[in-house]
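The chain is numbered in sequence order, starting from 1. First listed ligand is number 1; within each ligand, the first listed atom is number 1.
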Amino acid sequence: MTTDGSWEQGRVWWKEAVVYQVYPRSFMDSNGDGIGDLQGIISRLDYLQWLGIDVLWLSPVYESPNTDNGYDISDYRAIMAEFGNMEDFDCLLSGLHERNMKLMMDLVVNHTSDEHEWFRMARSKKDSPYRDYYIWRPNRDGKFPNNWASFFGGSVWKLEEQTNEYYLHLFASSQPDLNWENPQVRNEIYGMMRWWLDKGVDGFRMDVINAISKTPGLPDAPYTGGEEFQWGGSLFLSGPRVHEYLQEMNERVLAHYDLMTVGETLSVTPSEALQYVGVDRGELHMLFQFELMDIDAGAGGKWDVRGWRLSEFKSIMSRWQTELYGRGWNSLYLNNHDQPRVVSRFGNDKQFWAESAKMLATMLHTLQGTPFVYQGEEIGMTNVRFEKIEDYRDIETLNWYNEQVTRLGRDSGEALEAIHFKGRDNARTPLQWNDTQNAGFTAGVPWIQVNSNYQEINVEKQRSDPHSIVNYYRRLIELRRNFPVIVYGDYTELARDDETIYAFVRHLDGSSLFTILNFSAESYTIHFTAEDIPRIPRVSALLISNYERVDQALTSSMHLRPYEARVYMSSS
Ligand code: ISL
Ligand code: CA
């Protein structure tokens, strides 16, 4: 499908934007308590403007007891004291708007904190008007109401002693799930969303939004293996009423504002995605897919790391690129606060650190969709390897380690190895601003240790180096503004079966963009097939590359150095 000729009618700011995710706890500390905060972000707005980003996505800053770093909200209309206050927030919002940037808030409405007023009232009495804001089941002989496993280990059920009933929590027990079947809950949430939008925020990233509708009756999940609790995704992801709720939310809230929405949706395929982001669906603008993030997960889930082939990686990307083209819109992301650092995961954070970080950036910024850059990615921040479990902070990581090592008796070195590769704290070490103590993040003791490589990898060092990763990101972001083909062009993959090279062409009206990426640490020569050769644009000029000397023209066979990336452009 193509939109050639009509793309100018379909122009929208959020398709043309580059988003930058800030994880506030780890971005910049302004007052020396070791915790990043709103004033810290404000002090770095000029940096973000210099980088060229359009939208800042702020991970949660609402009041929270922080069992899951703000993803457990106790008051949706207040700012977490550690981060500042509402005045600071307003100042951040106006600081962004003055610089022509927008603010996207994180919206966490699958669950609240157990310290939220609603839950405090709900838990004490069965006849509380708030009881039905959450999901309860009677205690029958001390047996869990069903066999679902929580994302963070154990059962999804916790017994509330005061009333002798269980409540449901897909995540930590301090994160009780809201009962979306209750229209009052939905009203409260819509009212809260309008309140933030009326304040001037420009959009929402919706946390696990496809988990809000659970299968009625909450039946047992199918048995898939020896463990006590089973993965119940098929019974609560993309559940029976999820589209009804999102359409209602759209009608009641979203449609009345000029905003940007992104749903975090686990286990969604491209065809299911079209039900959320299809242009005629009246739901969301885009979603975060997990197929790429799950590529290295084995049968045992995320911690059971498996190898992957480039052809699998490319086929995931290509399916999303082609199935959504002209029908919906893609988001593009390679890491976030829940995922390992992209250069360590899909690149090479040793010998070809800069080359591979830039190669991955080239892919991110030249595919079809809206790119999301996670803080620190733009300087090639890497995974961290803490030697002791005590240095980790993430609830998911700590729960998993305890279960594996303490309960199941697994070797602790082996568990740490998996954590070094997959743990969420890889993404949560403080942003490395300069080579002074604590990487310039804090004058105090950071809440989580700084990655020990901050003297080599930091913003200050890279800003002044024209060949640095950060300056490469800056150029890529700028290209997007100058060449509509990058935003609106269609997509064709070349050399599909090649296990070393990812190559694709984008077309829009008379323009073509050709991206070729070497995903390996070896030099490699690709010979395009007779079928592919006619797809290679003629008379092309090199637009950007991660190697300084590129003297080759675009031809039917090309030699690429380790992790080399090139983008060519032709226009008639
Ligand atoms: O982090 C994950 C894998 O390590 C995911 O399973 C993650 O829990 C899932 O993507 C949902 O994430 C979101 O909701 C969670 C929160 O902990 C995450 O930080 C958030 O991005 C609960 O609110
Ligand atoms: Ca602080």
Side-chain angles (χ1 to χ4, degrees), residues 21 23-43 57-62 64 66-73 79-85 88 106-113 149-153 156 169-178 205-212 231 233 236-237 262-268 287-294 296-297 301-305 333 335-340 345 372 374 393-400 418-419 421-428 430 438 441-447:
Q21 182 190 355
Y23 193 68
R25 208 171 184 77
S26 306
F27 189 69
M28 180 66 207
D29 173 24
S30 70
N31 63 352
D33 66 355
I35 298 170
D37 47 51
L38 294 175
Q39 284 299 336
I41 304 171
I42 292 166
S43 72
W57 153 26
L58 194 56
S59 275
V61 295
Y62 313 95
S64 164
N66 280 310
T67 60
D68 190 19
N69 288 354
Y71 285 90
D72 48 325
I73 297 170
I79 299 295
M80 188 191 304
E82 287 175 332
F83 289 170
N85 56 36
D88 298 321
D106 216 306
L107 184 79
V108 188
V109 292
N110 174 69
H111 44 269
T112 68
S113 161
S150 153
F151 280 89
F152 294 162
V156 296
H169 61 89
L170 293 181
F171 294 89
S173 60
S174 56
Q175 294 167 300
D177 279 51
L178 283 165
R205 172 269 185 190
M206 303 184 185
D207 194 67
V208 286
I209 199 67
N210 69 324
I212 58 179
W231 167 241
F236 62 76
L237 294 176
V262 193
E264 189 205 24
T265 51
L266 286 86
S267 300
V268 160
L287 52 74
F288 290 138
Q289 56 110 333
F290 277 75
E291 290 187 340
L292 188 65
M293 294 295 115
D294 292 338
D296 53 11
K302 79 171 256 184
W303 302 104
D304 176 21
V305 180
Y333 76 102
N335 48 195
N336 60 33
H337 65 292
D338 291 334
Q339 299 292 336
R345 188 184 198 178
F372 287 68
Y374 178 64
R393 299 284 175 267
D394 170 34
I395 182 171
E396 181 194 47
T397 300
L398 297 175
N399 285 0
W400 181 76
I419 291 170
F421 200 71
K422 284 307 243 339
R424 304 199 298 183
D425 282 338
N426 281 310
R428 299 177 181 186
N438 295 319
F441 163 73
T442 181
V445 181
W447 70 277

Sub-3.5 Å N/O-N/O distance, His111 and ligand 1:
yes
I'd like to know whether the aromatic ring centres of Phe288 and Phe372 sit less than 6.0 Å apart in this structure.
yes
Taking the six-membered ring for Trp and the single ring otherwise, decide whether the centroids of Phe151 and Trp231 are under 6.0 Å apart.
yes
So CZ of Arg393 and CD1 of Ile395: to nearest 0.5 Å the spacing works out to 14.0 Å
Residues forming a side-chain hydrogen bond (donor to acceptor under 3.5 Å, both in side chains) with Thr112, sequence neighbours excluded:
Tyr134
What pairs with Asn438 under side chain to side chain contact (heavy atoms under 4.5 Å, CB included), at least two apart in sequence or on another chain?
Thr442, Pro446, Val450
How does Lys422 reach ligand 1, if at all, at less than 4.0 Å between non-hydrogen atoms: by side chain, backbone, both, or neither?
neither
Where the closest heavy atom to atom 2 (C) of ligand 1 is concerned, which of Met206, Met293, Glu396 has it?
Glu396
re atom 8 (O) of ligand 1, the protein heavy-atom contact at minimum distance is Phe171 CE2, 3.5 Å
Should the pair Arg25 and Trp447 be classed as cation-pi, given the thresholds of under 6.0 Å to the six-membered ring centre and 45° from the axis?
yes
Once salt bridge (charged side-chain N to carboxylate O under 4.0 Å, His left out) is applied, what residue pairs with a partner in residues 26-42 remain, sequence neighbours excluded?
none
Protein-side N, O or S atoms sitting under 3.0 Å from the Ca ion (ligand 2) are Asp29 OD1, Asn31 OD1, Asp33 OD1, Ile35 O, Asp37 OD2
